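Below you'll find the structure, written out as structure tokens, and then a few comments.
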Protein chains: 2
Amino acid sequence: MEETSDTPDDELDRAFLALADPVRRAIVARLSRGSATVNELADPFPISKQAVSKHIQVLEQAGLVTRTRDAQRRPVHLAPERLEALTAWIDRYRLVRESQYRSLDALLGSTGPGAPPHHHAPPPDKEHPS
Amino acid sequence: MEETSDTPDDELDRAFLALADPVRRAIVARLSRGSATVNELADPFPISKQAVSKHIQVLEQAGLVTRTRDAQRRPVHLAPERLEALTAWIDRYRLVRESQYRSLDALLGSTGPGAPPHHHAPPPDKEHPS
DNA sequence: GCCTTGTTCAACCAGAAGGTTGACAACACC
DNA sequence: GGTGTTGTCAACCTTCTGGTTGAACAAGGC
């Protein structure tokens, strides 16, 4: 069981943070139907183009979109691999594995922030998620 | 506007935002192996318990964890449904249809200044493709 | 009743996020 | 060459976030 097999913490940070904004999610949704330019992306939103440009930069730094150059236009394309990395992360924890692991790990030992936790062996409480 | 059927924007906001922090992701990872109390969760992190308590509140408001009461303890449990809602959202956009992708060139070529004619004929989905 | 454990509340602070406006670079068109 | 479109950069403002410390509340144990 490897955590973060190919996705560093920073990248997960940026990717989740990028999707934590409705404007950026709408941009992703729109890009999934085809690439678009900044103006096209900015059009449906009541905010300035500069703000949308910033959103796109956030998405780009998160690895969720890429950009090419076509004259003065900078078309934006969705980069689905990063989205798959997110589902990969989530899928590791969607399934709550209970009984057998609980005895091993109720506490933890060696984890700093940013590193996935390991296990220890202290007094587990017996609450199960309904 | 039929957002209420699936996952409202606010909930997605909170859920993605909650996962955009390495401490909170580590808490989720930890909880996937079994429920834990605030003290247990706070132990591996170099931050105060109050800070961890805040993180847990963020996760709770995001619907990612639930809490019960056990004497003076407040054990925290993972709530996998919300995680599945996130993968459900992502899965809508992971798949980029190639035909539209290819039509990028046509789009770029035809979208003139003044930008009136968007000629995307095959829009199978709107905001939420199933 | 009092003390200990577990958790939260309140006030506060530094830094980042998201928005604005204005100016400017790059390129196309006339 | 001048004009206009596309997009970004810079400065600025406001709000939110993540952290701190210190005190307070809740439930058992003595």
Side-chain angles (χ1 to χ4, degrees), chain A residues 9-10 13-27 35-62 64-77 106-107 112-114 122-125 127, chain B residues 9-10 13-27 35-62 65-77 104 107-118:
Chain A
D9 240 41
D10 292 355
D13 279 10
R14 284 193 282 260
F16 277 120
L17 186 65
L19 293 182
D21 184 288
V23 172
R24 290 192 291 260
R25 280 200 309 278
I27 289 174
S35 303
T37 64
V38 174
N39 271 336
E40 291 167 346
L41 291 171
D43 198 45
F45 300 108
I47 61 177
S48 65
K49 273 182 220 177
Q50 289 94 327
V52 173
S53 186
K54 281 190 191 176
H55 280 304
I56 293 170
Q57 286 180 30
V58 171
L59 288 167
E60 189 179 20
Q61 285 190 335
L64 289 167
V65 304
T66 58
R67 321 182 67 175
T68 51
R69 184 170 245 298
D70 171 60
Q72 73 268 51
R73 303 194 184 95
R74 305 201 102 104
V76 186
H77 324 277
L107 208 66
D125 66 288
E127 299 290 339
Chain B
D9 245 35
D10 294 353
D13 279 10
R14 283 194 282 261
F16 277 121
L17 187 64
L19 293 182
D21 184 289
V23 172
R24 289 191 292 259
R25 280 200 309 278
I27 289 175
S35 304
T37 65
V38 174
N39 271 336
E40 290 168 347
L41 290 171
D43 201 44
F45 299 108
I47 61 177
S48 66
K49 290 173 192 190
Q50 290 93 326
V52 173
S53 186
K54 282 190 190 179
H55 280 303
I56 294 170
Q57 286 180 33
V58 171
L59 288 167
E60 189 179 21
Q61 284 194 328
V65 304
T66 59
R67 321 183 68 174
T68 52
R69 184 165 255 298
D70 170 51
Q72 71 269 52
R73 302 193 186 91
R74 310 283 315 266
V76 186
H77 325 278
L104 165 68
L107 181 67
L108 291 173
S110 69
T111 306
H118 31 293

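Everything numeric in this text was worked out from a predicted model, so none of it was measured. Residue numbering restarts at 1 for every chain, and letters A, B, ... go by the order of the sequence lines.
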Indicate every side-chain donor-acceptor pair of residues 46-53 of chain B with a distance under 3.5 Å to a residue at least two apart or in another chain.
| residue | atom | partner | partner atom | Å |
| --- | --- | --- | --- | --- |
| Ser48(B) | OG | Ala51(B) | N | 3.2 |
| Lys49(B) | NZ | Asn39(B) | OD1 | 3.0 |

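One interatomic measurement links the two molecules: CD1 of Ile56(B) to P of dG18(D), which rounds to 14 Å at whole-angstrom precision. Rounding to whole angstrom units, CZ of residue Arg73(B) and C1' of dT8(C) are separated by 17 Å. Asp13(A) places its CG atom 13 Å from the C1' atom of dG18(D), with the value rounded to the nearest Å. Taking atom CG of Leu41(B) as the reference point, atom C1' of dT8(C) lies 15 Å away to the nearest angstrom. One atom, CD of Gln61(B), and another, P of dT8(C), lie 13 Å apart when rounded to the nearest Å.
To the nearest 0.5 angstrom, His55(B) atom NE2 is 8.0 Å from Phe45(B) atom CZ. For the atom pair CG (Leu17(B)) and CG (Asp10(B)), the distance works out to 12.0 Å, reported to the nearest 0.5 Å.
Side-chain atoms of Arg14(A) never come within 3.5 Å of backbone atoms of Leu64(A) as a donor-acceptor pair (strictly under, hydrogens ignored). Side chain of Arg69(B) to backbone of Ala71(B): a donor-acceptor contact under 3.5 angstrom is found.
Closest to the Gln57(B) side chain, of the nucleotides dT8(C), dT7(C), dT8(D), is dT8(C).
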Might you list the N or O atoms of the protein lying below 3.5 Å from N or O atoms in nucleotides 25-30 of chain D, with each pair's distance?
none

Criterion side-chain contact (heavy atoms from CB on, under 4.5 Å) on Ile27(A) and Val76(A), from CA distance to verdict:
CA-CA 10 Å; Ile27(A) 289 174; Val76(A) 186; 5.7 Å; no
Please test Asp9(B) against Arg25(A) for side-chain contact (heavy atoms from CB on, under 4.5 Å), starting from the C-alpha separation and ending with a verdict.
CA-CA 9 Å; Asp9(B) 245 35; Arg25(A) 280 200 309 278; 3.6 Å; yes
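Dashed line: the shortest gap from a side-chain N or O of Ser53(A) to OP1 or OP2 of dT8(D) is under 4.0 Å. Between Arg67(A) and dT8(D) there is a side-chain polar atom (N or O) within less than 4.0 angstrom of OP1 or OP2. Side-chain nitrogen and oxygen atoms of Asn39(A) include none within less than 4.0 Å of the OP1 or OP2 phosphate oxygen of dT5(D).
With sequence neighbours left out, Arg67(A) forms a salt bridge (charged side-chain N to carboxylate O under 4.0 Å, His left out) with Glu60(A). Applying the salt bridge (charged side-chain N to carboxylate O under 4.0 Å, His left out) criterion to Asp21(B), with sequence neighbours excluded, gives no partner residue.
Comparing the axis of the opening five pairs of the helix from dG1(C)-dC30(D) to dC30(C)-dG1(D) with that of the closing five pairs yields an angle of 10°, rounded to 10°.
When each of Arg74(A), His77(A), Arg73(A) is tested with Thr68(A) by the rule side chain to side chain donor-acceptor pair (under 3.5 Å), just one qualifies, namely His77(A).
The two residues Ala62(A) and Ala18(A) come nearest to each other via the heavy atoms CB-CB, 3.8 Å.
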Quick tally for nucleotides 12-23 of chain C: nucleotides whose base has a protein heavy atom under 4.0 Å get B, sugar-phosphate-only ones S, the rest -, giving ------SBBBB-
